[in-house]
Structure formats: C-alpha cells, structure tokens
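For reference, the structure discussed in these notes is given below.
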Amino acid sequence: MEKGETKVIWLDELGAQYAEEGWGRTQANKSIDGNPLSVAGRKFERGLGTHADGCYRINLDGKAKTFTALVGIDDEIEGNEWASVEFSIVAYDENNTPKSRVLWKSGVMKAGQNAIKADVNIEGLKEIRLIVSDGGNGINYDHADWAEAKIDYLGNKPEPVKPYTREPYILTPKPGPVPKINGAGIFGVRPGSSFLFTIPATGDRPMTFSVQGLPEGLTLDGKTGRIIGVVNNEGAYNVKLIAENEKGRAKRDFRIVVGDTICLTPPMGWNSWNCWACGVTDENIRASARAMVEKGLINHGWTYINIDDCWMIKPDSDDPVISGEPRNKNGMPLTNKKFPDMKDLTDYIHGLGLKAGIYTSPGPYTCQGFIGSYEYEAQDAKQFANWGFDYLKYDWCYYSRIAKDKSLDELKRPYMRMRDELLKQPRDIIYSLCQYGMGEVWKWGEEVGGNCWRTTGDIVDTWSSMSKIGFSQNKCSKYAKPGCWNDPDMLVVGNVGWGPELHPSNLTPDEQYTHISLWCLLSAPLLIGCPIEQIDDFTLNLLTNDEVLEVNQDPLGKQAEQIIKNEDYQVWAKKMENGSLTVGLFNMDSYKHKAIAIEWSKLGLKGKQRIRDLWRQKDLGIFQERFESNVSPHGVTLVRVIPE
Ligand code: GLA
C-alpha cells in the first residue's frame, strides 16, 4: 500500500469486547440481543450492537481523518416504543482544558426512527469516545446500533482503549479453626412472636454453644447454636453468646430487644430473582438454602432464603404447570406446580437454621402476570404466616392499574393495607416495600410499616447499572436507621442471568469489590442473587469477610454519606457504633489506577488515626491528617478509621 493512502478500519474490527454498556454484552455485526442489525426496517451488515449507557473509546494518533456511522435504535425492541437514546461523539484529550469536547450529537432518537448519519472530522485528535446515553428516560429497551461505523485514517491503526480488568483475586484470609462469633450484635423480636436465631460462628466443628442471660421463653440447642422460643415481656436483654471447640472459645455480647421494632440490622440472605427469575422451582430454593449452610455462609450471618415472583398461579397461562385456580374456596392463595408444598419448603429452610421469604404484589397481578394480593390481603397475609414465612417483598407492579394517581396517599394506601394484615399475624414478617423509589419512599416507608424499601429500578450486572444505583443513594442516607433500610436492590455477584441461562456477573473483580463495599456502607439489605450452590471461591470471599459485613450490620444503623464526589473518584464515610468510621475510596475511572486521598478535616477528625484495610483484614498503620491509597479502576479501598 502506498504511503499517504487513506485506510479504513471498521468499528466491529476493533473488538466488541472493549465496549462498556448498561445492559447485556455489546456484539459485533449483531444487535445486543444477537439479531441482525436493523434500524427502521433497514438492515446493516456491519457495526456494533450495544445498549445505553454505552461508551467505546478509541485511541488515535492525530492522523485519523473521519468517523462515519449510521446510528439508531434497533428494531428488535418492537413493542417497547418508549425506548429513546442519544448518540454522541466526543473528542477527549487529558492534557487539554476542558478535557472533552462534543463533536457530534444525534439528538434524542426514538424507536422506529430512521438511522441518522454521523460524519465527523477527527483530524488532529488523540482519542474519541462513542457515547450512547439514555435519552433522559432511563435505559429500559435502549438497544442502540452504531451501524456501518468506520474510521478513515492515514497514520497508525486506531486502537480501542481497553477497560481495565484482571483475573479474580482473593484479598481476605480464610477464617481460622478457633471459634469466632460473627454477625449482628443485636436482634429485634416482637413480644409473643416466634423467635429463631442461629448463632453465626466460624471455626472447626464440632462446636458447642452456650448462652448466658437468655430471657425467659427462649431455649438454645447447644449443638447447632439455634435459639428458639417466644418472649412475652418487652425489654432489652443483654446476653453473652459462647462458642467452644477443641481449639478454643469465643464469647460475644449480644442484645435481644423485645419490642415493636424488628429488623434492627439490614436483612442478609438470598433471593431467587437475579438468577432464576420466573424459572424458579422449589428445588432451586432448597439448593440455595442447603448451600448457604454447606458453604458456610450461615456462619457469617446470612439468614433469609427468599422466593421472588412466579410461585403462584398465572390465571391466563396455557402452561399446565402454572395455570389453574389461583385461590381455594376461602380465597387462600394456591401455589403453582413448581411449588408442591410451601409448608414443607419453609420447614426445610427453618430446619437448616435459616428463614424464609416470599413475594407478591398489592395489585391484581405481579410484574410477571401471576396472581397478586389485591382484595385478598387478609387471606394472603394469613397464608404466608401459616406457611411459616418470615419476610415479604411487596412489589407495586399491577397496582398502577388500581391507583387513581401517583399522589402520596395512593402510593401509601396498598402498603398500609398489607401492613395492617401482617401485624395481625403471630409471626414477625419483615416487610420489604418494592415500588422503585416512587414518591421518595424513603421519607414515608417507615410510616407505612416498611422495614426496607427499594429506592431505584431494577439492577443488572453492569458497571453502569450498579454504579448509577449505588452512588446515587446519598439522597436517602439520613432516613436509614434500625428497622428502616434503604434498598438499592439485590446483589449481582456470582452467576446471574434471570434464568434459565446464567452467566458469571459482568462486573469485573474490582467492580464486585466496589459493589459489596458500597452496599455495606449504605446499610443496604444484602440479598445474594446467584445460586449459592454454584458459588466459586472468589464470590465466597466477597460474601464472607466478617469485617466488611460488620460495616453493614453495625447496630448504630447509620448509612454512609458521600463526602467527595467528582468525575474521577468518590469518598463515602459511615459512622460506626464504636465511634470509628468506615471509609470507602472509590475510583470511578474504568482505565486508570488513581491515588485517592482523604483529609481528616473532610471527615471531621483530628490527630492520629489507626487505619485498617477491611478486605485484607490488616492494619495499615497510624496516620496523621490524611490517608491516601492507590485504587484500581472501578475499584475500592475500604478502611476503618479508628481514633488512637
Ligand atoms: C420487579 C422487581 C424485581 C423483581 C421482579 C419480579 O421488577 O423490581 O426485583 O421482583 O419485579 O417480577
């Protein structure tokens, strides 16, 4: 080829794997769902099929000439006409001020709109970024195509900038053989309600348990560490938990608070949705429950095994497995054939020392069109209690067809209705509101009896989704307290996928450390979303670091506050009961390590502080005035700052 001749490189040749996207996996020459690229009926042979929020970065040497493409929403989203995206092409140069400059914008594009041509002069540039944003209405169904995208260039071949990722790496030492008691230091129960608490302890088995100062009505099984019974008298009981084995003995203070407030620390457990979704079966539930014990998660305080949507009857279904009469003659809810015996299932879960959760909607149907509780709230609450459930997720969904409008009264009404029914039951049932944050639910979730409330739409396993949700929780920080938790949705670590096909989480290892650190700082309910029986060593390490979980379970119940927020990094700090702080230093950059510093003055501290790295469970030394750490791209350094 002659010197000076213009060459062409197609975007799909650079590699789809280097794209960042808000959902799914970007594909070369196919839509994000794997169909031929197609915009408003026009098919394209080449290009990238991606999803908002998307970013593709390309390094140039100043000698590239033009970037051209035809952009639009892929036709595969048919029927979801609200989808909208905006494409933009941005020049980026770290050494310039400002660093970025918009070269071209499509304007907000709608589903079905003809592809728009981008033809942009990129001479002299070092980097361009191809951005897909959500068009202002969230990322749902934002399937976006960069069709026929190519660069004409003279000098070196343009290269994709590769987001940083590395192999999974384990930071936390394994628990030792000597007994150690973990988990929350406090537990709330209503007077007269049945009590179940399993003392979470690591260390070699066999282990024997004892408790000093157990209130009247409770008994301990010394072999399993399970405390059961009923306490009738209100009060706070300070007890001592003891665990012993051949190697040693552990003793820990524990408070049992008998009163109106339950859920004194954020619930920790598992939920079927982010893995099995509507494919869930009784056996999936049992397998995760069993693995919760066998893999030792129960020894770190993990407790709830929650069934999400799709256990009930779907009245208009042709599938004999899920169709049928939704209720018996007394109006009590019936299960579909995948759940042959609910009582047997909760007995199984309780028999393992765990607790059971269930799901329904205040509407006539759930999100997946199964029968909901509307006008059968009393029967449903009673049946859930009879079956032995300890947790209810109550998901708005089809209630939007019942609510007159989105006024606060209408938003609150169905949640108060079910609260009244739950309170009539002889069991403590944690009440989890799911209505995606409407009407700033964090301001009134407590008033309608909620123990936790979703503050956002559904999470998926991408950086864009997880970080957008997690880092936007400062707005509700001050409303979190014992019994009342903001819920930024469930965890997306391990094998996830909304069933039946699962895939390893698309979050990088560093992003997963960020996810767990942030959810612990936020005092968020921790609900594992992958099949526990499939958990690998990396994921197990993420979920069983007691010093990290302790941040989540701290009895003071404060949620972290955002101390620093800029384009490059964020710092969050959470007040702990013992007067220390937990601080997370988060690197927002996908590509570069970053030295992130926090000054004591920003944390309201003075003088010498001991710093402990929580993921490594290691003291880093005594620091004066400030602490600085080199943090991986999209990663975190999580430390306890302890006054000396
Ligand atoms: C909604 C909720 C999810 C899940 C599904 C079930 O989308 O937000 O968490 O429960 O419904 O259909």
Side-chain angles (χ1 to χ4, degrees), residues 22-23 80 82 138-141 267 269-281 284-285 288 304-317 322 326 333 335-336 338-339 356-374 380 384 389 391-401 411 414-415 418 430-439 441-442 445 450-462 465-466 468-470 472-473 485-493 496-500 502 515 519 524-530:
W23 183 88
N80 297 293
W82 62 85
I139 66 162
N140 275 0
Y141 291 99
W270 176 87
N271 172 293
S272 56
W273 185 251
N274 287 351
C275 46
W276 304 121
C278 241
V280 64
T281 64
N284 295 150
I285 305 292
S288 271
Y304 290 91
I305 297 289
N306 296 351
I307 311 169
D308 207 274
D309 205 346
C310 310
W311 58 266
M312 11 14 206
I313 295 290
K314 189 171 188 177
D316 65 357
S317 170
I322 55 176
T335 60
N336 64 45
K338 293 191 291 170
F339 290 87
I358 196 159
Y359 165 104
T360 188
S361 170
Y365 302 101
T366 68
C367 295
Q368 304 302 319
F370 287 67
I371 203 76
S373 286
Y374 183 58
D380 285 6
F384 298 156
F389 283 103
Y391 192 113
L392 172 66
K393 174 173 170 183
Y394 207 42
D395 191 350
W396 176 269
C397 281
Y398 274 73
Y399 194 82
S400 50
R401 303 209 180 157
L411 291 176
Y415 288 98
M418 183 51 99
I430 288 187
Y431 190 26
S432 155
L433 318 185
C434 177
Q435 46 84 288
Y436 339 115
M438 290 185 295
V441 61
W442 45 92
N451 296 116
C452 51
W453 38 80
R454 281 274 297 280
T455 55
T456 73
D458 290 10
I459 197 169
V460 292
D461 57 320
T462 62
S465 168
M466 184 277 286
K468 252 193 184 176
I469 291 178
S472 68
Q473 299 299 305
W485 310 106
N486 295 306
D487 176 3
D489 206 2
M490 301 176 285
L491 302 176
V492 280
V493 299
V496 292
W498 298 273
L502 305 184
H515 183 23
W519 263 237
L526 298 178
L527 291 169
I528 301 168
C530 62

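Read the numbers this way: they start at 1 and go in the same order the structure lists the ligands and their atoms.
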Write out the residue and atom name of the closest protein heavy atom to [atom], then the distance separating them to 0.1 Å.
| atom | answer |
| --- | --- |
| atom 2 (C) of ligand 1 | Asp395 OD2, 3.1 Å |
| atom 3 (C) of ligand 1 | Asp458 OD2, 3.4 Å |
| atom 12 (O) of ligand 1 | Asp309 OD2, 2.8 Å |

Subset of ligand 1 atoms that lie under 4.0 Å from at least one heavy atom of [X]:
| X | value |
| --- | --- |
| Tyr359 | 6 (C), 10 (O), 11 (O), 12 (O) |
| Tyr436 | 8 (O) |
| Arg454 | 2 (C), 8 (O), 9 (O) |
| Cys367 | 1 (C), 11 (O), 12 (O) |
| Lys393 | 3 (C), 4 (C), 9 (O), 10 (O) |
| Gln368 | 12 (O) |
| Cys434 | 2 (C), 8 (O) |

**Option with minimal heavy-atom separation from atom 10 (O) of ligand 1, where the choices are Asp308, Thr456, Ile459** =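 That would be Asp308.
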**Asked** When you look at Tyr394 and Tyr415, which way does the ring-ring contact (aromatic ring centres under 6.0 Å, His included) test go after all the steps?
**Response** CA-CA 8 Å; Tyr394 207 42; Tyr415 288 98; 5.7 Å; yes
**Option from Thr360, Asp308, Asp309, Asp487 for which side-chain hydrogen bond (donor to acceptor under 3.5 Å, both in side chains) with Lys393 holds** =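 Going through the options one by one, the only one that passes is Asp308.
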**Message:** Is it the case that ligand 1 has an N or O less than 3.5 angstrom from some N or O of Asp489?
**Reply:** no
Is a side-chain donor or acceptor of [X] paired with a backbone partner of [Y] at a separation under 3.5 angstrom?
| X | Y | answer |
| --- | --- | --- |
| Ser361 | Tyr365 | yes |
| Asn271 | Gly529 | no |
| Asn451 | Ile430 | no |
| Asn274 | Ile528 | no |

**Item:** Contact check, Thr366 vs ligand 1, heavy-atom distance below 4.0 Å
**Value:**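 Flag not set, Thr366 not near ligand 1.
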Classify the side-chain pair [X]/[Y] by whether it contains a donor and acceptor separated by less than 3.5 Å.
| X | Y | result |
| --- | --- | --- |
| Asp395 | Tyr436 | yes |
| Asn140 | Trp82 | no |
| Tyr359 | Asn306 | no |

